[in-house]
Amino acid sequence: MHKPVHTNLLRWYEQYGRHNLPWRHSRDSYTIWISEIMLQQTQVTTVLERFYTPFLQQFPTLRDLAAATEEEVLKQWEGLGYYTRARNVYKTAQLVEHALPQSIHELIQLPGIGKSTAHAIAAFAYRTPVPILDANVKRILYRFFGKKKASERELWALAYRLFDDEHPFEYNQAMMDLGSLVCRSKEALCVHCPFEMQCHAAQQGAPLELPEKKAVKSVPIRYKDIVVFTCKNRYALKQRSGRFLHGLWGFSEYEQNRDNAEGQMQQLGSIVQKYSHFHLYADVYISYEPVEGHEYLTLEEINKLPLSKADIKIVKMLT
DNA sequence: CAGGCGTGGCT
DNA sequence: TAGCCAAGCCT
C-alpha cells in the first residue's frame with residue numbers, strides 16, 4: 001500500500017538520494033550481483049572508490065568471470081577482505097551457465113547469497129516488488145517502530161509492513177539512503193527525516209537509544225613470529241588452505257618462540273594487523289635456511305599473487 | 001545460534 | 001584515539 005509516509009520518503013529521495021551510484025540504475029543482474037556481494041559488511045565508499053570498477057573492467061561479464069582462475073578473482077578482491085565472498089562469486093559463475101536466476105528461492109541457494117542479498121538482487125536487477133533488509137533498513141525499522149531488539153523474522157515482518165509496493169524500487173533505494181545519510185547509527189538527523197512525525201524513536205526524542213547495543217566482546221591478541229625464508233632474491237611463500245584467508249598467498253607464521261629469535265635470524269621489523277575477531281602482533285624475521293613446502297618467488301612474481309594486508313606489509317619490508 | 005570471517009571509514 | 005561498525009553469509 002502507498003501511504004503518506006511513502007510520499008514523504010519518495011520526495012526526500014528525489015531531492016537527497018545518492019543518484020550517482022553506478023550500480024543503482026543498472027539492469028544487468030551480473031553487475032548488480034557483484035555490487036551486492038562487495039557491499040556485504042563493506043562501506044559504499046570503499047567499494048565505489050577502489051573495487052567495483054576495476055573488477056568489472058577485468059571481468060565485464062559473467063562469462064568472463066567464469067573463464068578466469070580463482071587466483072585472478074582473488075587478486076581483484078585483494079584489500080577488500082572477507083575473501084570467501086570472492087571464492088563464492090567465482091564458484092557461482094561456474095555454476096550458472098548464462099545468467100543468475102530470477103527467483104529469490106533459487107538465488108538464495110547460490111554460494112554467498114543469503115536472504116538479504118537475494119532480496120536485493122531480485123529487487124534491483126529484476127524489479128521484483130519485495131522489500132530489502134540491510135543494516136540501514138534495519139536501523140530505520142528499529143527506530144520507526146520503537147523496538148530495542150528484534151529477531152530476523154520480526155525485522156522481515158516489519159520490512160514488509162512499511163514497504164511501499166506501489167514504488168518498490170524507489171522505496172528500497174530511498175530506505176538505504178535514508179539509513180546511510182539521515183538515520184545514522186551514531187548521529188540521527190531527525191530534523192531532516194521524512195519519517196520524523198511517524199517515527200516512534202524520533203517522537204521519543206531518543207533515536208540513538210535504538211536498537212539496543214550489543215555487549216562488546218574483547219578481541220583476543222595473538223603474538224606470532226613470521227619468518228621470511230629467502231635464497232638468491234627469492235622469497236618463500238605458500239598458498240593458505242585453512243578457512244582463514246583461504247586461497248591467498250603468505251609467509252609462514254609460527255608461535256612466538258625465543259629459539260627462533262635467538263639463532264642467526266635477523267629481525268626485519270614487526271607488524272600489527274587488526275582482524276575482526278583477533279589482533280595480530282607479529283615480529284618478522286628473515287632466514288637463509290632452506291624450507292620445504294613453499295614456492296620461492298621473486299618480488300615481481302609475489303606482487304602478482306593475491307596477498308592479505310599483513311603479507312603486503314611484509315613484502316614492503318623486503319623492497 | 002554464536003562465532004569466524006578482513007579491511008577501512010568515521011567519530 | 002580507540003572503538004564502533006559497515007548493502008551478511010556460513011557453520
Side-chain angles (χ1 to χ4, degrees), chain A residues 17-18 21-24 26 31-52 74 77-89 91-92 107-125 130-141 149 151-153 155-156 159 172-181 183-189 208 211-222 240 242-248 250 271-280 306-313:
Chain A
R18 295 176 292 184
L21 299 177
W23 48 81
R24 176 151 287 181
S26 168
T31 61
I32 290 173
W33 164 56
I34 294 300
S35 76
E36 289 301 329
I37 302 298
M38 285 188 169
L39 287 161
Q40 289 171 357
Q41 296 291 281
T42 308
Q43 297 195 162
V44 168
T45 310
T46 301
V47 172
L48 190 57
E49 293 179 355
R50 296 175 49 199
F51 294 95
Y52 180 72
L74 281 170
W77 212 269
E78 182 185 274
L80 189 52
Y82 286 148
Y83 298 96
T84 299
R85 294 183 294 174
R87 293 189 294 117
N88 281 337
V89 151
K91 217 180 286 179
T92 295
L107 284 167
I108 214 167
Q109 296 181 47
L110 294 168
I113 300 181
K115 188 167 180 177
S116 175
T117 302
H119 276 70
I121 294 171
F124 300 152
V130 292
I132 52 139
L133 184 61
D134 71 339
N136 290 310
V137 176
K138 283 181 184 176
R139 194 169 50 252
I140 296 173
L141 295 175
K149 50 196 298 187
S151 65
E152 285 295 306
R153 186 181 203 80
L155 286 166
W156 276 107
N172 282 326
Q173 302 288 6
M175 287 290 279
M176 283 192 296
D177 287 359
L178 189 66
S180 173
L181 302 173
C183 196
R184 307 191 293 190
S185 59
K186 294 182 181 178
E187 185 185 17
L189 309 175
L208 299 187
E212 192 174 66
K213 299 207 189 349
K214 297 165 194 166
V216 286
K217 281 163 282 190
S218 68
V219 179
I221 299 175
R222 297 182 192 169
R240 296 169 181 271
R243 281 208 305 280
F244 186 58
L245 301 174
H246 182 107
L248 302 189
I271 60 165
V272 177
Q273 184 62 38
K274 297 185 174 178
Y275 299 102
S276 53
H277 55 301
F278 70 94
H279 292 177
L280 173 68
L307 304 171
S308 74
K309 189 74 182 171
D311 288 301
I312 288 172
K313 288 176 183 171

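The analysis underlying the following values was restricted to heavy atoms, covering all of them including side chains, and did not include hydrogens, waters or symmetry mates. Here is the naming used below: chain letters follow the sequence lines, and residue numbers restart at 1 for every chain.
The phosphate of B:dG4 has neither OP1 nor OP2 within less than 4.0 Å of any side-chain N or O from A:Ser276. Remark: A:Gln40 is not in phosphate contact with C:dG8, judged by side-chain N or O atoms under 4.0 Å from OP1 or OP2. For the pair A:Arg85 and C:dC10, the criterion of a side-chain N or O lying under 4.0 Å from OP1 or OP2 is not met. A close approach under 4.0 Å does occur between a side-chain nitrogen or oxygen of A:Lys217 and OP1 or OP2 of B:dG3. Neither OP1 nor OP2 of C:dC5 sits under 4.0 Å from any side-chain N or O of A:Arg139.
Looking at which nucleotide of DNA chain B each of A:Arg184 and A:Tyr82 is closest to, the 5′-most match is held by A:Tyr82. Along DNA chain C, the nucleotide closest to A:Leu39 and the one closest to A:Val216 are compared, and the more 5′ of them pairs with A:Val216.
Side chain to side chain, A:Arg240 and A:Ser308 fail the donor-acceptor criterion of an N or O pair below 3.5 Å.
Between A:Gln273 and the options A:Lys309, A:Lys313, A:His279, a side-chain hydrogen bond (donor to acceptor under 3.5 Å, both in side chains) holds for only A:Lys313.
Between B:dA2 and C:dA7, the two C1' atoms lie 23 Å apart (nearest whole Å). Taking the P atoms as reference points, B:dG3 lies 16 Å from C:dC4, given to the whole Å. Spacing between B:dG6 and C:dT11 at atom P, rounded to whole Å, works out to 14 Å.
Residue contacts for A:Trp77: at a heavy-atom cut-off of 4.0 Å it reaches no nucleic acid atom on any strand shown.
Using a 90° window around 0 for the glycosidic torsion, C:dA7 falls inside it and is classed as syn.
Here A:Lys138 pairs with A:Glu152 in a salt bridge; the nearest charged N to carboxylate O distance falls below 4.0 Å.
DNA chain C forms stems at B:2-5 with C:8-11, B:7-11 with C:2-6, each a run of 3 or more consecutive Watson-Crick or G-U wobble pairs whose two key distances fall under 3.5 Å.
At a cut-off of 3.5 angstrom, the base of B:dG6 holds no donor-acceptor pair with the side chain of A:Ser308.
The distance between atom CG of A:Leu208 and atom P of B:dC10, rounded to the nearest whole Å, is 18 Å.
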